[in-house]
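Report on one structure; see the data block that follows.
Excluded from the calculations below are hydrogen atoms, water molecules and symmetry mates; all remaining heavy atoms, backbone and side chain alike, are included.
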Amino acid sequence: MLFRSLKAHLRAHPDHALNFILPDGRRLPAHVHVTEAGHVTKRCVDCGGTFRTEESCVLQAWTGREHDDGHRLPAGKLAKILEIAAPILPSGELPVEIEFETGVVSQYPVESVAAGPTELALQLGTKHTDCLAKEKCGVGPETVVEPAGESCCAGSGCCG
């Protein structure tokens, strides 16, 4: 989901409770709140030698003390946080990710938002690694799952 779309949903339902739903269906605790809104730029070179840039809006979610009802985050409050962050977010076209710690710190792309009578449900998706130079590596366009410890580049000459 793009930043501008998320903001529109939040503004349309300012009194709704937010409900973040992980890819496996579990919900983040009701007292989760956003502690950080950031513009993240990733500049890299893939194994085929192509330079790439990716940008996103990352919202860090955090749960303080268990059952801390004082930190419940309604949609309107998150909309205000995003307005404060506007000067560092260069575009409404940035994809939005939620960063949350579930054993390890993970980032979940926001896939969709559904409005119910009293809540906004933000469905979170998963991120995956991928070979970005499949043609140079000779692995083809299909997704390839490599055995542990092996590389898509083994023997192809793309990485060395």
Side-chain angles (χ1 to χ4, degrees), residues 1-48 50-135 140-145:
M1 169 164 287
L2 298 180
F3 180 66
R4 66 176 164 72
S5 298
L6 177 60
K7 285 194 323 186
H9 283 287
L10 297 171
R11 286 187 196 130
H13 306 281
D15 296 325
H16 280 42
L18 292 176
N19 202 337
F20 298 91
I21 303 169
L22 293 168
D24 65 4
R26 290 180 297 140
R27 296 170 182 255
L28 298 188
H31 62 281
V32 69
H33 67 280
V34 173
T35 62
E36 183 178 287
H39 171 224
V40 175
T41 302
K42 177 182 174 182
R43 294 171 34 190
C44 61
V45 59
D46 68 27
C47 62
T50 300
F51 289 86
R52 299 176 184 272
T53 302
E54 296 176 9
E55 295 182 88
S56 61
C57 169
V58 177
L59 305 177
Q60 183 184 81
W62 178 73
T63 53
R65 288 166 290 182
E66 193 170 343
H67 307 296
D68 184 358
D69 290 342
H71 279 107
R72 290 184 187 250
L73 182 67
K77 187 172 181 180
L78 181 54
K80 288 178 185 174
I81 291 170
L82 298 182
E83 288 302 319
I84 293 169
I88 64 166
L89 298 167
S91 168
E93 303 303 305
L94 295 174
V96 179
E97 298 177 352
I98 303 298
E99 183 176 79
F100 186 71
E101 185 175 349
T102 54
V104 296
V105 175
S106 299
Q107 291 177 345
Y108 302 93
V110 177
E111 288 187 347
S112 63
V113 176
T118 61
E119 75 169 21
L120 279 182
L122 283 76
Q123 180 61 55
L124 306 181
T126 56
K127 292 175 74 169
H128 300 279
T129 60
D130 194 7
C131 175
L132 301 177
K134 287 182 175 79
E135 288 182 20
E142 69 280 349
T143 301
V144 177
V145 177

>> Applying salt bridge (charged side-chain N to carboxylate O under 4.0 Å, His left out) as the test, list every pair that has at least one member in residues 117-128; sequence neighbours left out.
In response: Arg27-Glu119, Glu97-Lys127
For [X] versus [Y], what's the shortest heavy-atom pair and its separation?
X: Ala85; Y: Ala37; result: CB-CB, 3.8 Å
X: Ile98; Y: Ala61; result: CG2-CB, 4.0 Å
X: Val34; Y: Ile81; result: O-CD1, 4.1 Å
X: Cys57; Y: Leu94; result: N-CB, 4.0 Å
X: Thr63; Y: Pro29; result: CG2-CG, 3.6 Å
X: Ile88; Y: Gly38; result: CD1-CA, 4.2 Å

> Is the backbone of Leu132 close enough, under 3.5 Å, to the side chain of Asp130 for a donor and an acceptor to pair up by distance?
Replying inline: no
>> Is it the case that the side chain of Ser56 and the backbone of Val58 share a donor-acceptor pair, with hydrogens and angles ignored and the cut-off at 3.5 Å?
In response: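 Not at all, since once roles are kept as given, no pair shorter than 3.5 Å links the two residues.
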Inter-residue atom distance [X].[atom1] - [Y].[atom2], 0.5 Å rounding:
X: Leu10; Y: Leu78; atom1: CG; atom2: CG; result: 5.0 Å
X: Asp24; Y: Thr102; atom1: CG; atom2: OG1; result: 8.5 Å
X: Trp62; Y: Leu73; atom1: CH2; atom2: CG; result: 13.0 Å
X: Leu82; Y: Arg11; atom1: CG; atom2: CZ; result: 8.5 Å
X: Leu28; Y: Phe100; atom1: CG; atom2: CZ; result: 4.5 Å

> Can we say Glu55 and Arg43 salt-bridge, meaning some charged N sits less than 4.0 Å from an Asp/Glu carboxylate O?
Replying inline: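 Salt bridge absent between Glu55 and Arg43.
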> Would Thr126 and His128 satisfy side-chain contact (heavy atoms from CB on, under 4.5 Å), going step by step from the backbone distance to the final call?
Replying inline: CA-CA 7 Å; Thr126 56; His128 300 279; 3.0 Å; yes
>> By the definition side-chain hydrogen bond (donor to acceptor under 3.5 Å, both in side chains), identify the one residue from Gln107, His33, Glu99 that meets it with Gln60.
In response: Glu99
> Of Leu6, Ile21, Leu59, which is the lone residue that meets side-chain contact (heavy atoms from CB on, under 4.5 Å) with Leu122?
Replying inline: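 Result: among Leu6, Ile21, Leu59, Leu6 is the only option passing the side-chain contact (heavy atoms from CB on, under 4.5 Å) with Leu122.
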Can you check whether [X] reaches [Y] side chain to side chain, under 4.5 Å on heavy atoms?
X: Asn19; Y: Leu120; answer: no
X: Cys47; Y: Cys131; answer: yes
X: Pro23; Y: Tyr108; answer: yes
X: Glu111; Y: Met1; answer: no

> Excluding sequence neighbours, so at least two apart, what forms side-chain contact (heavy atoms from CB on, under 4.5 Å) with Glu101?
Replying inline: Val105
